[in-house]
Amino acid sequence: MAYDALVLVSFGGPERPEDVLPFLQNVTRGRGVPPERLAEVAEHYLHFGGVSPINQQCRDLLAAIRADFAANGVDLPVYWGNRNWDPMLADTVARMRDDGITRALAFVTSAYGGYSSCRQYQEDIASARAAVGPDAPLIEKLRQFWDHPGFIEPHADAVRAALAQFDPAKRDSTRLVFTAHSVPMSAAASAGPHGGRYTAQLEEVARLVHAAAAPDLAYDLVWQSRSGPPQVPWLEPDVNDHLATLPEQGVTSVVVSPIGFVSDHLEVVWDLDTEALETAKQLGLDFVRAGTPGVDPRFVAMVRELVLERTAPDGERLRRRLGELPAWDTCPALCCVPPARRP
């Protein structure tokens with residue numbers, strides 16, 4: 001099947017202080033998040049001058065993908081649109097229409113299944129196309145890439161590099177802690193066609209990165225960045241609560257690896273590099289946060305491979321994967337839609 005463009009679809013973030021609250025209102029619209037919680041989160045952005053790192057990271061990834069495509073003979077223009085802030089996806093889709101694009105692929109900066117990590121992006125694409133009108137290009141999302149070597153290998157190398165910063169004599173008392181964005185328990189239960197897909201994929205990624213980077217060490221998978229009303233149960237334990245349990249287990253050093261993320265955006269640099277680091281200091285734990293793929297050449301090449309995988313004839317498709325869970329190109333109907341939102 002022929003495609004004539006790729007669009008990078010991401011979360012978006014503010015790039016000046018006056019954008020912070022409007023951005024957060026976009027993110028949380030309809031979720032019942034109290035104003036005091038928005039003000040609290042706004043302070044995280046203002047700590048960094050009101051600028052989220054994510055947009056610049058998308059610009060860097062966009063440039064890297066374009067260079068990789070050019071070097072490898074992939075003749076597709078690459079666009080960029082966000083869910084929550086400029087450049088908004090609907091504006092990008094309108095530009096694609098004006099440029100004569102009729103059928104495009106979408107690479108989403110989220111590796112996993114689940115409502116907010118996959119299905120909501122499908123809805124964003126549909127809403128953007130509806131806003132543009134009947135002449136909007138068709139846009140098909142590339143598959144989830146949680147177990148692609150181009151995602152796993154950079155995470156594993158980052159863990160190795162983090163471990164190298166510790167005293168080798170303390171290796172026996174070092175723990176790996178993998179983190180991902182917490183979600184409501186109801187969303188975790190409904191993720192995927194049979195439920196539990198988000199947590200199962202993350203458990204598999206933790207296993208794969210651990211096996212590649214440090215199979216001799218113990219590891220845990222924990223959660224970060226929860227939001228929403230406090231009475232709604234979310235995945236636990238929180239990374240800070242988990243760190244507090246480690247000294248009594250004889251742990252002296254901890255590497256935190258944010259396998260739930262593709263780049264060092266605000267939920268990494270605040271929730272881990274700021275809050276979790278402070279927690280570790282108070283506990284007397286040596287703490288190093290491992291990096292994320294960002295624009296690692298293997299991650300960039302993965303985007304090209306996902307495009308070529310989709311465009312190859314069915315009988316010639318080669319899916320590079322490391323995990324054992326099934327994968328699919330297109331989410332089934334109602335996949336990852338919470339029960340309360342299903343018809």
_Evaluation steps, side-chain hydrogen bond (donor to acceptor under 3.5 Å, both in side chains), between Asp60 and Gln56_ = CA-CA 6 Å; Asp60 295 342; Gln56 186 57 50; 3.0 Å; yes
*When you look at Arg310 and Glu140, which way does the salt bridge (charged side-chain N to carboxylate O under 4.0 Å, His left out) test go after all the steps?*
CA-CA 10 Å; Arg310 177 61 71 86; Glu140 299 175 17; 3.2 Å; yes
*Determine, stepwise, if the pair Leu176 / Val209 fulfils side chain to side chain contact (heavy atoms under 4.5 Å, CB included).*
CA-CA 10 Å; Leu176 301 184; Val209 175; over 6 Å; no
*Test Asn55 against Asn82 for side-chain hydrogen bond (donor to acceptor under 3.5 Å, both in side chains), laying out the working first.*
CA-CA 9 Å; Asn55 273 4; Asn82 288 327; 3.3 Å; yes
*Could you go step by step and tell me if His265 and Gln57 meet the side-chain hydrogen bond (donor to acceptor under 3.5 Å, both in side chains) rule?*
CA-CA 8 Å; His265 57 68; Gln57 290 162 1; 6.0 Å; no
*Go through Glu309 and Leu142 one step at a time and tell me if the side chain to side chain contact (heavy atoms under 4.5 Å, CB included) criterion holds.*
CA-CA 9 Å; Glu309 173 187 292; Leu142 292 167; over 6 Å; no
*Apply salt bridge (charged side-chain N to carboxylate O under 4.0 Å, His left out) to Lys170 and Asp167, showing your working.*
CA-CA 6 Å; Lys170 292 185 176 181; Asp167 181 351; 5.8 Å; no
*asked:* As a quick check of understanding, evaluate side chain to side chain contact (heavy atoms under 4.5 Å, CB included) for Val7 and Val78, giving each step before the final call.
replied: CA-CA 6 Å; Val7 57; Val78 186; over 6 Å; no
*Report the C-alpha separation of Glu267 and His44 in whole Å, then their side-chain angles, then the decisive distance to 0.1 Å, and conclude whether the side-chain hydrogen bond (donor to acceptor under 3.5 Å, both in side chains) test is met.*
CA-CA 9 Å; Glu267 287 171 321; His44 302 170; over 6 Å; no
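Judged purely by distance below 3.5 Å, without hydrogens or angles, the side chains of Glu236 and His242 never pair a donor atom with an acceptor atom. No side-chain N or O of Tyr115 forms a donor-acceptor pair with one of Gln122 less than 3.5 Å apart. No hydrogens or angles considered: a donor-acceptor pair under 3.5 Å links the side chains of Arg175 and Gln249.
No side-chain donor-acceptor contact under 3.5 Å links Ser190 to the backbone of Cys336. In terms of modelled atom types and a separation under 3.5 Å, the side chain of Thr274 and the main chain of Val269 share a donor-acceptor contact. Between the side chain of Asp238 and the main chain of Asn240, a donor-acceptor pair closer than 3.5 Å is present. Using a distance-only test at 3.5 Å, with no hydrogens or angles considered, a donor-acceptor pair links the side chain of Asp147 to the main chain of Gly323. Within the 3.5 Å criterion, the main-chain N or O of Pro77 finds no donor-acceptor partner in the side chain of Arg66. Between the side chain of Asp241 and the backbone N or O of Pro237 there is no donor-acceptor pair closer than 3.5 Å. Under the 3.5 Å distance criterion, the side-chain polar atoms of Asp296 are matched with a main-chain donor or acceptor of Arg298. With Glu204 contributing its side chain and Glu324 its backbone, the two residues share a donor-acceptor pair below 3.5 Å. Side-chain N or O atoms of Ser110 include one that pairs as donor or acceptor with a backbone N or O of Ser117 at under 3.5 Å. Side-chain N or O atoms of Arg160 include one that pairs as donor or acceptor with a backbone N or O of Ala212 at under 3.5 Å.
Met88 CE to Trp85 CH2: the interatomic distance, rounded to the nearest 0.5 Å, is 8.0 Å. Atom CG in Leu8 sits 8.0 Å away from atom CH2 in Trp80 (nearest 0.5 Å). Between the CZ atom in Arg321 and the CD1 atom in Ile152 there is a gap of 10.5 Å [rounded to 0.5 Å]. Taking CG of Leu272 as the start and CG of Leu277 as the end, the distance is 9.5 Å to the nearest 0.5 Å. Separation of atoms CG (Leu62) and CG (Leu6) is listed at 9.0 Å; rounding is to 0.5 Å. Atom NZ of Lys141 sits about 9.5 Å away from atom CZ of Arg119, to the nearest 0.5 Å.
Nearest heavy atoms, Arg226 versus Ser182: CB-CB, 4.0 Å. Between Thr92 and Gly81, the closest heavy-atom pair is OG1-CA, 3.4 Å. Nearest heavy atoms, Val254 versus Leu246: CG2-CD1, 4.3 Å. The two atoms that bring Gly291 and Pro258 nearest to each other are O-CD, 4.5 Å, heavy atoms only. Looking at every heavy atom in both residues, Gly250 comes nearest to Ser173 through O-CB, 3.4 Å. Shown here for Leu266 and Ser52, the closest heavy-atom pair between the two residues is CB-OG, 4.4 Å.
Listed by chain and residue number, nothing satisfies the salt bridge (charged side-chain N to carboxylate O under 4.0 Å, His left out) test with Arg95 (two or more places apart in sequence, or in another chain).
Under the 4.5 Å side-chain criterion, counting only non-hydrogen atoms from C-beta, Phe107 is not in contact with Arg304. Phe287 has its side chain within reach of Val256: a pair of non-hydrogen atoms, C-beta onward, lies under 4.5 Å apart. In this structure the side chain of Arg83 never reaches within 4.5 angstrom of the side chain of Leu89, judged on heavy atoms. At least one side-chain heavy atom of Leu221 sits under 4.5 Å from a side-chain heavy atom of Ile259. In this structure, Arg37 and Val41 have side chains that are in contact, with non-hydrogen atoms separated by less than 4.5 Å. Considering only heavy atoms from C-beta on, Tyr3 stays 4.5 Å or farther from Leu138 through its side chain. When side chains are defined from C-beta on, Arg207 does not count as touching Phe178, because their heavy atoms never get closer than 4.5 Å. Two residues are said to be in side-chain contact when any heavy atoms from C-beta on lie closer than 4.5 Å; Val300 and Leu61 meet this criterion.
Less than 6.0 angstrom separates the ring centroid of Trp270 from the ring centroid of His47. A centroid separation of less than 6.0 Å is found between the aromatic rings of Tyr45 and Phe23.
Under a 4.0 Å N-O distance rule, the pair Arg59/Glu15 qualifies as a salt bridge. Residues Asp4 and Arg103 are not paired through a salt bridge, judged by the lack of any N-O separation under 4.0 Å between the basic side chain and the carboxylate.
One hydrophobic cluster holds both Val74 and Val295 under the rule that ILVMFWY side chains link at heavy-atom gaps under 4.5 Å. Under the 4.5 Å side-chain heavy-atom criterion for ILVMFWY residues, no single connected hydrophobic cluster contains both Tyr219 and Phe261. Taking hydrophobic clusters as Ile, Leu, Val, Met, Phe, Trp and Tyr residues chained together by side-chain heavy-atom distances below 4.5 Å, Leu306 shares a cluster with Leu208. Follow the hydrophobic side-chain contacts under 4.5 Å out from Val255 and you reach Trp223 in the same cluster. Taking hydrophobic clusters as Ile, Leu, Val, Met, Phe, Trp and Tyr residues chained together by side-chain heavy-atom distances below 4.5 Å, Phe151 shares a cluster with Leu105.
Ring planes of Tyr112 and Tyr198: perpendicular class, angle over 60° (limits at 30 and 60°).
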